[in-house]
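The structure under discussion appears below in the form of structure tokens.
Order of the sequence lines sets the chain letters (A, B, ...), proteins ahead of strands, with each chain counted from 1. Source: prediction; values computed, not measured.
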2 protein chains.
Amino acid sequence: MTPRASHGDGAKGVQTAERILEIALRMFRDQGFDGTTMRDIASACGMSLGAAYYHFESKEALLLAYYQRLHEDRQRHAEQLFAETSALRERVIGLYHHHLAALRDDRRLLAALVRIVADPESQASIFAPETRNIRDADIRLFRRAIDSDDVPEQLQVMGALGMWTLQLGFLLYFLRDDSEGQQRTHELVDRCVDFFLPLLPLLSTPFATPMLDRLYATLDSAGLIASALKADR
Amino acid sequence: MTPRASHGDGAKGVQTAERILEIALRMFRDQGFDGTTMRDIASACGMSLGAAYYHFESKEALLLAYYQRLHEDRQRHAEQLFAETSALRERVIGLYHHHLAALRDDRRLLAALVRIVADPESQASIFAPETRNIRDADIRLFRRAIDSDDVPEQLQVMGALGMWTLQLGFLLYFLRDDSEGQQRTHELVDRCVDFFLPLLPLLSTPFATPMLDRLYATLDSAGLIASALKADR
DNA sequence: GTCTATAACATGATAGAC
DNA sequence: GTCTATCATGTTATAGAC
């Protein structure tokens with residue numbers, strides 16, 4: 001579902017694939033995913049339908065290439081953010097806001113992406129191996145954001161899982177948010193963060209540990225604690 | 001997206017539509033949603049493609065009819081459950097388990113349904129007006145399950161919203177759960193319920209109210225507290 | 001007005017020639 | 001790498017039967 005891996009990476013092929021991707025994404029943004037046919041894309045690229053399919057094995061693959069790009073941008077931004085500040089609130093809010101900002105002009109693309117990623121029968125499902133690396137890396141970013149000696153490891157892991165899940169909810173709200181610059185979503189994010197971050201110290205006290213231990217064991221035995229999260233930090 | 005509303009409800013038409021639905025659902029269960037074409041369904045019903053489309057305006061509509069059935073079954077079961085017990089834990093667990101049990105042999109159907117309902121561009125999106133009544137009624141069930149004089153109204157509402165959201169997560173896990181009878185999902189449900197139900201008394205104390213007030217205000221101003229939930233109980 | 005059949009269309013995807 | 005068929009399938013149009 002990614003750009004055809006089997007095809008060589010001769011300079012020409014890569015260039016052509018990039019051109020197709022640029023044009024396709026622009027068309028998806030302008031006319032929507034369903035409103036753009038592969039024939040439209042091919043002819044806008046000045047090539048035949050078959051030629052376009054040579055470079056991308058499916059229409060979905062074009063979206064997944066976008067997903068990959070988005071992820072790389074996000075990683076870069078996070079590295080910069082973490083270098084700038086070690087304050088938990090700034091880090092967490094910074095992650096959320098940047099992800100929204102990056103999608104600000106791409107909400108139609110996001111809608112199409114959600115459809116594909118939420119499809120449990122698709123190879124590109126959010127739980128599928130193909131997207132697993134991206135998902136794990138995303139969760140790790142949240143864990144790094146709240147990495148602090150004051151927060152027990154298990155709580156960091158569960159917190160990261162929770163923040164990642166919450167992000168899915170924010171994105172769904174964002175999709176439907178027609179306020180100026182999706183200001184409502186940004187406010188929602190801020191207020192939610194300001195609700196749950198103060199809970200961390202509370203949950204870091206010995207009083208809460210038995211409760212958290214039980215929850216962690218449950219999630220872990222259900223396989224919901226990604227191995228990636230347990231390993232490094 | 002429901003059975004063609006414009007068409008009369010002559011006894012024969014209804015009967016035919018029901019027959020199509022039965023056959024289609026069986027085929028979806030056996031061969032998957034994508035593996036079953038409208039032509040297959042029509043010919044299995046001994047009728048032409050056009051005739052099938054007369055009764056159901058789209059392939060999606062067949063799934064949505066299933067969704068509606070599922071919902072009605074669920075409402076009936078909940079009424080019975082609430083009549084049997086007023087214990088919070090039994091009620092909540094009863095709701096979750098029955099929903100899973102009803103879907104036990106229909107996981108392929110569920111997968112197709114998730115795809116449609118999760119598609120933000122579809123009219124049948126989980127946030128779309130067409131499915132809103134079902135969603136609100138579902139959330140109300142959760143609220144009734146924890147309806148108790150010991151739990152403040154705002155907390156009941158937020159708790160119901162949370163439990164409904166958690167249910168979405170359980171369903172996603174259920175889809176991929178290949179343990180015998182999806183036993184793992186049932187265990188996950190039990191252990192999660194036993195984690196969060198004891199929090200209710202804790203959150204019902206005056207100590208927690210300011211925190212909860214702020215969260216409620218946030219969710220409400222974001223339009224996330226369904227009007228249905230605020231009205232009755 | 002209620003139902004069914006046939007033909008046609010649009011589009012994602014594929015096969016095979018050059 | 002690219003092109004020109006060609007296919008498969010969701011959906012629509014239209015004509016007719018009862």
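Rounded to whole Å, atom P of C/dT11 lies 18 Å from atom CD of A/Glu60. For A/Ile20 and D/dG1, the CD1 to C1' distance is 10 Å, given to the nearest whole Å. Here C/dG12 presents its C1' atom at 16 Å from CZ of A/Phe56, a figure rounded to the nearest Å. Rounded to whole Å, atom P of C/dT4 lies 11 Å from atom CD of B/Gln15.
Applying a 4.0 Å cut-off to non-hydrogen atoms, none of the residues of residues 22-30 of chain B approaches DNA chain D. For DNA chain D, none of the residues of residues 31-43 of chain A falls under the heavy-atom distance limit of 4.0 Å. The stretch residues 44-53 of chain A touches DNA chain D through A/Met47, A/Ser48, A/Gly50, A/Ala51, each having a heavy atom within less than 4.0 Å of the strand.
Taking side-chain N and O atoms only, A/His55 has a distance below 4.0 Å to OP1 or OP2 of D/dT2.
Within a 6.0 Å radius of CZ in B/Arg69, more than 12 heavy atoms belonging to other residues, nucleotides or ligands are found.
One side chain, A/Asp190 or A/His97, offers a donor N or O that lies under 3.5 Å from an acceptor on the other. In this structure, a donor-acceptor pair under 3.5 Å is present between the side chains of B/Arg74 and B/His99. Side-chain N/O atoms of A/Ser125 and B/Arg115 include no donor and acceptor closer than 3.5 Å. Between the side chains of A/Gln75 and A/Glu79, not a single donor N or O lies within less than 3.5 Å of an accepting N or O.
Judged by a 6.0 Å distance limit and a 45° cone about the ring axis, A/Arg144 is not positioned over the six-membered ring of A/Phe82.
Under the 4.5 Å side-chain criterion, counting only non-hydrogen atoms from C-beta, B/Gln182 is not in contact with B/Leu100. Side-chain atoms of A/Trp164 and A/Asp136, non-hydrogen and from C-beta on, never get closer than 4.5 Å to each other. Annotation: side chain of A/Leu63 is not in contact with side chain of A/Val117 (no heavy-atom distance under 4.5 Å). Within the 4.5 Å cutoff, the side chain of A/Thr218 has no heavy atoms near those of the A/Leu224 side chain.
For the pair B/Tyr96 (side chain) and B/Met163 (backbone), a donor-acceptor distance under 3.5 Å is present.
With C/dT2, C/dA13, D/dT2 as the choices, the nucleotide that has an atom nearest any side-chain atom of B/Tyr54 turns out to be C/dT2.
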